Amino acid sequence: MIFLMSFDHSKIEPKWQKYWEKEKLYRAEDFAKNPKQYILIEFPYPSGERLHVGHGRSYCCLDTVARLRRMQGNNVLFPIGWDAFGLPAENYAIKTGIHPSITTKENIANAKKQAQSWGLSFDWEREINTTDPDYYKWTQWIFLQLYKKGLAYRAEIPVNWCPKDKINLADEEVIAGRCERCGTPVTRRTQSQWMLKITAYADRLIDDLESVNYREDIKAQQINWIGRSEGAIIKFEILNPKSETNSKRLEIRKEAVEDRYLRRAEAKFEIPVFTTRADTLYGATFLVLSPEMGRNYLEKLPSEKRKEVEDYILKSLSKSELQRQEELKEKTGVFTGVYAQHPLTGEKLPVWVADFVLSGYGTGAIMAVPAHDQKDFEFARKYDLPRKEVIKNEKESKFPNEAFERGGTLINSAQFDGLQSKDAIDKITQFLVQKKSAEKTVDYKLRDWVFSRQHYWGEPIPIVYCRNCWEEKSEKQKKEAREGYEFSKIDGKEYAVVPVSEADLPVKLPYVENYKPTETGASPLAGIKKWVETPCPICNSQSIRETDTMPNWAGSSWYYLRYPDPKNDKKFADPDKLKYWMPVDWYNGGMEHTTLHLLYSRFWYKVLSDLGLVPTREPYARRTSHGVVLGPDGQKMSKSRGNVVNPDEVVAEFGADTFRMYEAFMGPFDQTIAWDPKGVLGVRRFLDKVWKSHQEIIGNKQPATSNELQRRLHRLIKKVEEDALNLKFNTAVAEMMKFINEVSSSEYRVAREDWKLFLKVLAPYAPHLAEELWHGLGEGESIHRQSWPQYDPKMIVEEKVTIVVQVDGKMRGKLELPAGTREVSVTELAADLDSVKPHFYGKKVAKTIFIPDNLINFVTN
RNA sequence: GGGCGGGUGGCGAAAUGGUAGACGCGCAGCCUUUAGGAGGCUGUGGGGAAACCCGUGGAGGUUCAAAUCCUCUCCCGCCCACCA
């Protein structure tokens, strides 16, 4: 008898991988008749670190799903590509001088080799790469559509600036207020940037979540991030003896949210304030402006105060993000010398400037209600400002020791006394609206998307600036352009903004010598005169290119739309193909992409949807997230800790099937779990047992499987199928282990035909071994082309059941009975059990609870 | 401060109203004379000789029956955060 302990994965795995490739087993076919299934994993960034075991979690488990779906008769699209623009390649280029395109190419080749060694069933014919001009042509094209819809605009906004490296930093490059590269505290300065108006889609991004199947916490995080809050803008008139005769009135900005970054010095006679708590209006005792807002009012201030206020503003604006965070506890501010009038009581309220008020939220000014807002309370205490209680709650009273922030009954609020907070918010707002001193509004925490990067390794923004086109405009046109976004000021001169014509796309990224951004904060592209100077698409006179590039979120915002038609050079994708494949049926990725990537890509999709270019309202029908894989020590994996698990080593030692199955088995899919090298071994032992059982089955030629084992097999089919679709890969694997344990224990034997069913169940998880054993049974066609076994519902039902016998809810005995035994018989048999009888002594049975085939409970009194 | 998860053996975890601890790791004993992640069998929540008792962070509650549902409370993790 041949008795092999183990199989040689290093031989069988590459063999079958080659076979699958040759047979084109995993090719997705456009317009096939069988139901489509689009399964998507977040495409990786091809870094020098290669793919890690965290990628493995997502790819291996979803690959299992893809394989299961194929066996179930679906036409599966399971693609992969490379999100290859980004900082690491650029930083590496700065250090070594090696061009990013070279390192990127190498990294992709390596990562691809890895992914292939895991036996993933990607359709490699659809591989995409965001740095390929044939791809980013369409990223630029979509940008132009956004521009034409008025969703891309330029604005002066504060950016992070590293004073040592003299470069602008993206938020993600700022770590704890310091520059990621050199550790210098980051300061802020303003610069003109391209922005995308994602806030215009804020409501739809919330509302449409109802139509998709995302895990609840993912939805909650998105809603929270968008941070919609309903409230009112209330205006407070400035009391200024010199200008009170001036009847000039300014309308409240209707779209305060959209114009947040463009707010100019126009609200000079009134201070608009955003609040969600109009019920506390009578408790407002002073107003506070953010430093940015305060600057707009400087000229209104009494001259003796002006210097002091200006100094405070300049000081707080120059503060680094780090300083601001450190100074959180201690609030500072300065009185402006100006008063505003309370819209209902007419009281004189002092106006302060303080940097605890944010310029980026609401109107950049607040009404302070110290009795009912903790921040205001602390500020009022420090500067000895009045506090007035206007909300009372019988159960709690925190005031005057601290602010009482919850709702209650109104007091000291004139005709509104006695109302409940919720009611009062409506009534007071309504009253103010009638008086024209307030407007209802909605505000969001979400801000427009800063789309410019002063870096080299990204998609060039396809815009040029033309001096000639500007000069040809009439004064009226110029004025209009200055108010909108159709112009730009470069080195003090004004230019017209001109989009590159679609026929001239892609705007290719040129080679540069020096990847470092310039000292002025411009991108490295600004140094290439030959590239920067270009004929204007409209007037053909010499104009200059935009030298900023797109953030690396750009290419990933639409990549899943390219897989259905990756080689199209006429459109970003053929509408019919999109209609066939979209939406993505199942999208899995990391929780860290919930707020940025997921939101950005939904936003782009909605824009394309409004243009009629995509077939649905939402891109992803289902979204799940996998948990983080920690190092064996339970800590986050990092080079410096030395706890990084290298998947290549695991695959080399134990094989891809072991690696894949361990990724599935290690724990609940959505949970953070530490990698356990011993656990890997356990999975390998299981596969060895499968191998061994297989040899025995071939050797023994068992004619029929025991009834018991056959039932287990059918239950296994059902469980593995259901578990995989419910993200319970760990219990699916456990069930297979249980089955094999029983097969290998001597009582049971399995017939060939039933063993084949088991191999099919195993195939999505351990595709190489299953294929090897399948062919070992003399089968000629791939196991991955077989259909998923149908379980027999009759076999699922138990023949014999264990009925638990309880007395007063405590387990006292068990009965093995045929399924369907009636209550009368069960009662009789149960009451007669030796282990049960003693518990009746001195008691009477008052009630019997009977759950068929499961449990009987005697309740005594 | 806000949002979202989570707390069950020595460890990763099963069980979402009905036998708590499936499956895996680890550990212990035995077997096969077995040399380098070896294999097989048996055992493995705690206490007890046993009957039995105790046991899912803690306290209460609902129920014939609670890890699971409700109320309060403690602890841990992740994300966001001076957001009006």
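Convention: sequence-line order gives letters A, B, ...; per-chain numbering from 1. Predicted, not measured: the structure shown is a model, and the values here were computed from it.
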Regarding Lys636(A), tell me which of base, sugar-phosphate or nothing describes its non-hydrogen contacts under 4.0 Å with the strands shown. nothing
So Arg812(A), base contact, sugar-phosphate only, or nothing? Heavy-atom distance under 4.0 Å. sugar-phosphate
Got a sec: does the NZ of Lys440(A) have more than 12 other heavy atoms crowding it under 6.0 Å? no
Would you kindly give the NZ-to-C1' distance between Lys810(A) and A51(B), to the nearest whole Å? 14 Å
Where the side chain of Val804(A) is concerned, which of G12(B), U19(B), C53(B) is the nearest nucleotide? U19(B)
Which one, C4(B), C52(B), C82(B), comes nearest to the side chain of Asp355(A)? C82(B)
Same-atom distance (C1') from G12(B) to G7(B), integer angstrom: 15 Å
Base, sugar-phosphate, or nothing: which does Glu592(A) touch, judged by heavy atoms less than 4.0 Å apart? nothing
With a cut-off of less than 4.0 Å, is there a side-chain N or O of Gln671(A) near OP1 or OP2 of A13(B)? yes
Syn/anti label of G45(B) as read from its glycosidic torsion, with the cut at 90° from 0: anti
Identified pairing partner of A81(B), criterion: Watson-Crick or G-U wobble below 3.5 Å: none
The side chain of Ile673(A) is closest to which nucleotide in this list: C79(B), C4(B), G12(B)? G12(B)
Presence of salt bridge, Asp633(A) and Arg641(A), under 4.0 angstrom: no
Spacing between Tyr444(A) atom OH and A84(B) atom C1', to the nearest angstrom: 17 Å
Does Ser290(A) reach the main-chain N or O of Val357(A) with its side chain, forming a donor-acceptor pair under 3.5 Å? no
Would Glu378(A) and Lys382(A) pass as an ion pair if we require N to O under 4.0 Å? no
U44(B) and G9(B): how far apart are their C1' atoms, nearest whole angstrom? 10 Å
Give a yes or no on whether a donor-acceptor pair under 3.5 Å exists between the nucleobase atoms of G37(B), that is its base, and the side chain of Glu653(A). yes
Centre-to-centre under 6.0 Å for Phe665(A) and Phe686(A), is that the case here? no
Return the nearest nucleotide to the side chain of Lys445(A); candidates are A84(B), G37(B), C83(B). C83(B)
Per atom distances to the Ile366(A) side chain, the nearest of C64(B), A84(B), A13(B) is A84(B)
Where at least one partner belongs to residues 726-735 of chain A, residue pairs that pass side-chain hydrogen bond (donor to acceptor under 3.5 Å, both in side chains), sequence neighbours excluded: Asp723(A)-Thr731(A)
So if I take every side-chain heavy atom of Lys375(A) and compare against A14(B), G18(B), C83(B), which nucleotide ends up nearest? C83(B)
Determine, using ring centers only, whether Phe659(A) and Phe654(A) are less than 6.0 Å apart. no
Return the value, rounded to whole Å, for the distance between atom CD of Gln374(A) and atom P of G1(B). 10 Å
Protein heavy-atom contacts under 4.0 Å, written 5' to 3' over nucleotides 21-27 of chain B as B (base), S (sugar-phosphate only) or - (none), form the string -BBSSS-
Quick check against the 3.5 Å criterion: does Glu405(A) have a side-chain atom that pairs as donor or acceptor with the backbone of Gln374(A)? yes
For atom P, what is the distance between G45(B) and A50(B), given to the nearest Å? 14 Å
Return yes if the base of C64(B) and the side-chain atoms of Asn857(A) contain a donor-acceptor N/O pair under 3.5 Å, otherwise no. yes
Heavy atoms from C-beta onward define the side chain here; which of A84(B), A13(B), G40(B) lies closest to that of Thr275(A)? A84(B)
By nearest-nucleotide position on RNA chain B, the 5'-leaning member of Gly809(A) and Phe356(A) is Gly809(A)
